[in-house]
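Working notes, beginning with the structure itself.
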There are 2 protein chains.
Amino acid sequence: MREDTRAKIQEVALRLFTEQGYEATSLREIAEELGVTKAALYYHFKTKDDIVASVAGDRIAEQDEMLAWLRSQPQTPETRREFLRRYADQLEHSRHQDLGRFLERNQTSLRDHPTIKAMRMRMLEVAEALSAPDDPVRVRLRRSMALFTLHTGIWLTQHYDLTDEERREIARSVALEILEGPCGD
Amino acid sequence: MREDTRAKIQEVALRLFTEQGYEATSLREIAEELGVTKAALYYHFKTKDDIVASVAGDRIAEQDEMLAWLRSQPQTPETRREFLRRYADQLEHSRHQDLGRFLERNQTSLRDHPTIKAMRMRMLEVAEALSAPDDPVRVRLRRSMALFTLHTGIWLTQHYDLTDEERREIARSVALEILEGPCGD
DNA sequence: GTCTATACAGCGATAGAC
DNA sequence: GTCTATCGCTGTATAGAC
């Protein structure tokens, strides 16, 4: 019963941070929802930031895995397409989507947070790894935007009457369109 | 001398909010940088949020203007291209770029702020107005991503050794590429 | 009109009792 | 492992000096 207090804190905190924002959510709120006091949270986590860091760790490992795979493959259009599909599949898992939504919505608050900095750096590395060293900047930018479409697309289509699966499918197909440029690079 | 205290507050506040985040910047910081007390700020602005609202007002008017122009034109590829160019030109003015960067980085903090809500709604309306009522969702999404490229592109290319003008030119050309899709819609 | 002085509740964080 | 009590700081508010 007491063993998973830590996990419950992570769960409640991530949900409230995503709904209301990181800074707008007080430790008192989190504690009250769990039926404990603020100070009890400080037994499990050193700081408020620390709650976030504990959740973000897994995601970094996955990004590193994706990056290693991408770099181990030959730089071909098919590799890039396959990477985008894998990336989209990863986003489907709701835990990542929750974490992703949280990070997207709390960029400023967490800008100087080391774990979050590491995650953003990985994101840029991934975007860069989609291009060869001699590709011009505009090609790099276009491919980065393809990656961003997977993240943004699901949010941008929220106000249409679609299922989540349809949203993902549309985001995926637009991302693939953008990836290789007009009339196939 | 005292007349432009208000303008100076807006200027300093917007800069600090952008650099450090909205919630992470205290009114004491802003006041100290201007050589006044916190309470002086409350003479000029009712609340902290109110400082933001006062800055965002101008931008909403401009968005409405852009929207009115776009809706008054025939829905052709050339209209859309021209709109993207005008939008990019507007972004060039540093005041808008500052405001844009600020908003981008403080989405959560300001989510429930009425003026900011109005701005985000305009942004989505603009993205929607790039498409006809019977365009499929994937075409709408692609065109929205073209618009976003103008905002994001300048940030994404920050770590290359380019002038601001080169960055804008690249963002503009990639946005135009994305706008009309593979092999020109 | 423009600002200072002062007060207040709530915040993240810490110390120490149980 | 959780509590109470407390710290310095925040945004907000008002009374009153000039």
**Request:** Take the protein atom CG of D50(B) and the nucleotide atom P of dT12(D), then report the distance between them rounded to whole Å.
**Result:** 10 Å
**Prompt:** In terms of side-chain heavy atoms of T47(B), which of dT14(C), dT2(D), dA13(D) is nearest?
**Reply:** dA13(D)
**Request:** May I have the distance from E23(A) (atom CD) to dC9(D) (atom P), rounded to whole angstrom?
**Result:** 18 Å
**Complete:** Sorted by chain and residue number, the side-chain hydrogen bond (donor to acceptor under 3.5 Å, both in side chains) partners of E166(A) (sequence neighbours excluded) come out as T163(A)
**Asked** M145(A) and I154(A): same hydrophobic cluster, using ILVMFWY side-chain contacts below 4.5 Å?
**Response** no
**Asked** In whole Å, what is the span from the NZ atom of K8(B) to the C1' atom of dT2(C)?
**Response** 14 Å
**Request:** For dT2(D), take OP1 and OP2 only and decide whether either is under 4.0 Å from a side-chain N or O of T37(A).
**Result:** no
**Prompt:** E11(A): what forms a side-chain hydrogen bond (donor to acceptor under 3.5 Å, both in side chains) with it, not counting sequence neighbours?
**Reply:** none
**Prompt:** What about K38(B): does its side chain form a donor-acceptor pair under 3.5 Å with the base of dT12(D)?
**Reply:** yes
**Complete:** Separation of dG11(D) atom P from F45(B) atom CZ, nearest Å, is 15 Å
**Asked** Which listed nucleotide (dT14(D), dC3(D), dG11(D)) is nearest to the side chain of A39(B)?
**Response** dT14(D)
**Request:** Output yes when at least one side-chain N/O atom of H44(B) is less than 4.0 Å from OP1 or OP2 of dG1(C), else no.
**Result:** no
**Item:** Value in whole Å for how far the P atom of dA17(D) lies from OH of Y43(B)
**Value:** 18 Å
**Request:** List for me each residue that meets side-chain hydrogen bond (donor to acceptor under 3.5 Å, both in side chains) alongside Y87(A), sequence neighbours excluded, and say none if there are none.
**Result:** H151(A)
**Prompt:** Can you check whether Y42(B) has a side-chain N or O nearer than 4.0 Å to OP1 or OP2 of dT12(D)?
**Reply:** yes
**Item:** side-chain hydrogen bond (donor to acceptor under 3.5 Å, both in side chains) partners of D50(B), counting only residues at least two apart
**Value:** none
**Gap between atoms CG and P, on L41(B) and dT10(D) respectively (whole Å)** = 13 Å
**Request:** Not counting sequence neighbours, which residues clear side-chain contact (heavy atoms from CB on, under 4.5 Å) with T37(A)? List them please.
**Result:** A39(A), A40(A)
**Message:** Contact list please: residues 25-35 of chain B against DNA chain D, heavy atoms, distance less than 4.0 Å, in numerical order.
**Reply:** T25(B), S26(B), L27(B), R28(B)
**Prompt:** Would R85(B) and E78(B) pass as an ion pair if we require N to O under 4.0 Å?
**Reply:** yes
